[in-house]
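Below you'll find the structure, written out as structure tokens, and then a few comments.
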Amino acid sequence: AAGVIQSPRHLIKEKRETATLKCYPIPRHDTVYWYQQGPGQDPQFLISFYEKMQSDKGSIPDRFSAQQFSDYHSELNMSSLELGDSALYFCASREQGKAYEQYFGPGTRLTVT
Amino acid sequence: KNEVEQSPQNLTAQEGEFITINCSYSVGISALHWLQQHPGGGIVSLFMLSSGKKKHGRLIATINIQEKHSSLHITASHPRDSAVYICAVRSRGGKDKLIFGTGTRLQVFP
């Protein structure tokens, strides 16, 4: 069965650079969630999208932006990267109205040096 | 105080032992997830519960909505079960996002 795809799986950037993380949800899933998990920390919700519109916003820094495209894939854009942005970034997808279950992608590990 | 708390934080077991991980939450929820995360790895969804009990192989998850408590049980534990187990809830008033517990790190020794 198709799963959530994230790319790249690993990314190394320097401070003050920009990064773009991509998430491809399971086919027919119209809702995407982004989570950030710092080293040794719980995942924290960043932002979510339903039908290409932002549906909820968590602790996402102003330096980050995200959007969902017409094919339902989502991109998380991160600018002016800081060392503290080093984390595992997960996306999850869900089909609204079908079930509450979120399906997680494998994550993108971002390292900022 | 975290909205979702797990116990124990760390757990070691010998292969074959029965394991229980507990999750308590303080918010009204519409669903509770049990997730598994291997070191450096992605998150795998094990169960999603809104009531009662679910079983999948050697894993059993239960939830008591009135007591705001859930348990994850692993029967006949195996070293490959070693991972971090995370409880996450979908709060009733919090739209869709999940609130994560702090995780329980399980190590099963042969």
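Keep in mind that what you see is a predicted model, and the values were worked out from it rather than measured. In the text below, chain A, chain B and the rest are named by the order of the sequence lines, each starting its count at 1. Only heavy atoms go into these numbers, but all of them, side chains included; no hydrogens, no water, no symmetry mates.
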Quiz item: Do other residues, nucleotides or ligands put more than 12 heavy atoms under 6.0 Å from the CD1 atom of Ile65(B)?
Solution: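 Correct, the count exceeds 12.
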Quiz item: Would you call Asp85(A)-Lys13(A) a salt bridge at under 4.0 Å N-O?
Solution: no
Exercise. Would you mind checking which part of Gln41(A) comes under 4.5 Å of any heavy atom in chain B, side chain (CB onward), backbone (N, CA, C, O), both or neither?
Key: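 Looking at Gln41(A), nothing touches chain B.
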Self-check item: Contact origin within Arg109(A) toward chain B - heavy atom pairs under 4.5 Å
Solution: side chain
Self-check item: Part of Leu35(B) lying under 4.5 Å from any heavy atom of chain A
Solution: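 Interface part for Leu35(B): side chain.
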Quiz item: Are Ile60(A) and Leu11(A) co-members of a hydrophobic cluster defined by side-chain heavy atoms under 4.5 Å apart?
Solution: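 Linked within one cluster.
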Practice problem: Would you mind telling me which of Ser45(B), Ser70(B), Cys23(B) makes a side chain to side chain contact (heavy atoms under 4.5 Å, CB included) with His33(B)? | Solution: Ser45(B)
